[in-house]
Participant: 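Here it is: the structure, laid out below.
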There are 2 protein chains.
Amino acid sequence: MDEFNERIDVLKTLKFIMNMIHKSMEDEFRELNITGPQGMIIGILMRHRKMKISELSKKMGLTSSTVSGIVDRLEKQGMVKRERSSDDRRVVYVNIDEEFRKKSKEVFKKVEDKFRDMMNKATEEEHDEIVKGLNTLKRLIESNKQ
Amino acid sequence: MDEFNERIDVLKTLKFIMNMIHKSMEDEFRELNITGPQGMIIGILMRHRKMKISELSKKMGLTSSTVSGIVDRLEKQGMVKRERSSDDRRVVYVNIDEEFRKKSKEVFKKVEDKFRDMMNKATEEEHDEIVKGLNTLKRLIESNKQ
DNA sequence: TGCAAATATTTCGGATACTAAATAATTATA
DNA sequence: TATAATTATTTAGTATCCGAAATATTTGCA
């Protein structure tokens, strides 16, 4: 295979891998009965417990009106709660409901376990190849971006 | 770094890479003044010239009613044309407008060139690492899926 | 041949997601 | 204190997305 095609294949392979991950994510969210954007917010709240609307917006690269709408729908289903800051009363904190947090944690864990199981099926050598290749690509992207 | 964390990092690194690619795609589509799903269809038509609605649906994993709607909006902007098959008059072919095809081709090419330029900045060794790592991961996913 | 079944697409209703602009409330500052 | 800046929400408009029903056409078969 010539050099040109090999380089395009990197893109194709990446797309294939992205597709598979995307599908896993969808399964994960379907199990929790939430949509993709809702799952993003839940995922962030799983690790931060309390987030401002503005922080969520920035983290997700969406406008705050969009986030406000998504939080509306999550709140209606009792998955998150809004809480006005007493410190600065313009600010709204979004909390994940404790019950839903536990349920989500299990589902997220299940997916991570599945990925880890898969990685564990690789030989030591394959594993090193994967880690090395991905990190090299990441470095390359980073050094190209600024 | 212990083994556990190394394996989680694979997921994180993948997410980072996916994010960067996603952003490039968005820029690409913004330049053509189309949305993500519209861009998917244009991308497919760039390589096939003529596609049935049902073929597009299957390729994109969407229902044909959804695809029909997206094609509606592309057609309204003159980017694609519908054409009834004379062979089987139930079938509708979607063609990309020749003018828009040329414009898109340039934009897509620009993005591919950018990616190729980036890959060309890697040393031969780095390049091999990337290709090898991605292909190993792909094989691992494939052997795990059925 | 004539009619039922199958196929391809469209239409419709209902939900989410997304943005920009307008609004409301609060805080910071000149 | 008057004004500017910040934070979140609401509103209006567009785009996805699905499933069910409608439409048009073709195919199978009695």
Participant: Could you check whether Ser65(B) gets within reach of a base, just the sugar-phosphate, or nothing at all, counting any heavy atom under 4.0 Å?
Facilitator: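 Counting heavy atoms under 4.0 Å across all strands, the contact made by Ser65(B) includes a base.
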
Participant: Nearest whole angstrom, please: distance from the P of dC17(D) to the CD1 of Ile53(B).
Facilitator: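 Value for this atom pair: 14 Å.
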
Participant: Indicate yes or no: does Lys110(A) engage Asp113(A) in a salt bridge with an N to O separation below 4.0 Å.
Facilitator: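 No, this pair does not count.
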
Participant: Write down the distance between CZ (Arg84(A)) and P (dA8(D)), rounded to a whole number of angstrom.
Facilitator: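 Answer to the nearest Å: 8 Å.
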
Participant: Is the distance from OP1 or OP2 of dT9(D) to the nearest side-chain N or O of Ser68(A) less than 4.0 Å?
Facilitator: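 Indeed, a polar side-chain atom of Ser68(A) lies that close.
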
Participant: Base, sugar-phosphate, or nothing: which does Ser64(B) touch, judged by heavy atoms less than 4.0 Å apart?
Facilitator: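 It contacts base atoms.
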
Participant: Indicate every side-chain donor-acceptor pair of residues 72-80 of chain A with a distance under 3.5 Å to a residue at least two apart or in another chain.
Facilitator:
residue	atom	partner	partner atom	Å
Asp72(A)	OD1	Arg82(A)	NH2	2.1
Glu75(A)	OE1	Arg82(A)	NE	3.0
Glu75(A)	OE2	Arg82(A)	N	3.2

Participant: Using whole Å, what does the distance between atom C1' of nucleotide dA8(D) and atom CZ of Arg82(A) come to?
Facilitator: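 Going from Arg82(A) (CZ) to dA8(D) (C1'), I get 9 Å.
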
Participant: Using heavy-atom distances to pick each residue's nearest nucleotide on DNA chain D, tell me which of Lys76(B) and Ser85(B) is more 5'.
Facilitator: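 The residue whose closest nucleotide sits nearer the 5' end is Lys76(B).
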
Participant: Whether the side chain of Glu126(A) engages the backbone of Thr123(A) through a donor-acceptor N/O pair (distance < 3.5 Å, no angle test) should be reported.
Facilitator: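 Checked: pair present.
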
Participant: Assign each of Val67(A) and Ser86(A) to its nearest nucleotide of DNA chain C by heavy atoms, then name whichever residue's nucleotide is nearer the 5' end.
Facilitator: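 So the residue in question is Val67(A).
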
Participant: Given 3.5 Å as the limit, does a donor-acceptor pair link the side chain of Glu55(A) with the main chain of Lys52(A), or not?
Facilitator: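 Yes: the side chain of Glu55(A) pairs with the backbone of Lys52(A).
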
Participant: Please determine, for the side chain of Arg89(B), which listed nucleotide (dT7(D), dA20(D), dT26(D)) has the closest atom?
Facilitator: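 Closest nucleotide among those given: dT26(D).
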
Participant: Between dT14(D) atom C1' and Leu74(B) atom CG, what is the distance in whole Å?
Facilitator: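 Whole-Å distance recorded here is 14 Å.
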
Participant: Is a donor on one side and an acceptor on the other found under 3.5 Å between the side chain of Arg89(B) and the backbone of Arg84(B)?
Facilitator: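 No; zero donor-acceptor contacts below 3.5 Å.
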
Participant: Heavy atom of residues 30-39 of chain A under 4.0 Å from DNA chain C: which residues?
Facilitator: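 Listed by number, they are Thr35(A), Pro37(A), Gln38(A).
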
Participant: Extract, from 5' to 3' on DNA chain C, the first and final nucleotides lying under 4.0 angstrom from some heavy atom of chain A.
Facilitator: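 The footprint of chain A covers dT16(C) to dT27(C).
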
Participant: In whole angstrom, what separates Gln77(B)'s CD from dA15(D)'s C1'?
Facilitator: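 In whole Å, dA15(D) C1' lies 11 Å from Gln77(B) CD.
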
Participant: When you check the gap from the basic side-chain N to the acidic O, do Glu28(B) and Lys114(B) get nearer than 4.0 Å?
Facilitator: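 Not counted as a salt bridge, because no side-chain N and carboxylate O are separated by less than 4.0 Å.
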
Participant: Please answer whether the main-chain N or O of Ile53(A) pairs with a side-chain N or O of Ser57(A) as donor and acceptor at a distance below 3.5 Å.
Facilitator: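 The answer is yes, because a donor-acceptor pair under 3.5 Å joins these two groups.
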
Participant: Looking only at atom types and distance, does a side-chain atom of Thr66(A) sit under 3.5 Å from a main-chain N or O of Leu62(A), one as donor and one as acceptor?
Facilitator: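 Absent.
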
Participant: Thinking salt bridges, do Lys103(B) and Glu31(B) make one under a 4.0 Å N-O criterion?
Facilitator: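 No.
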
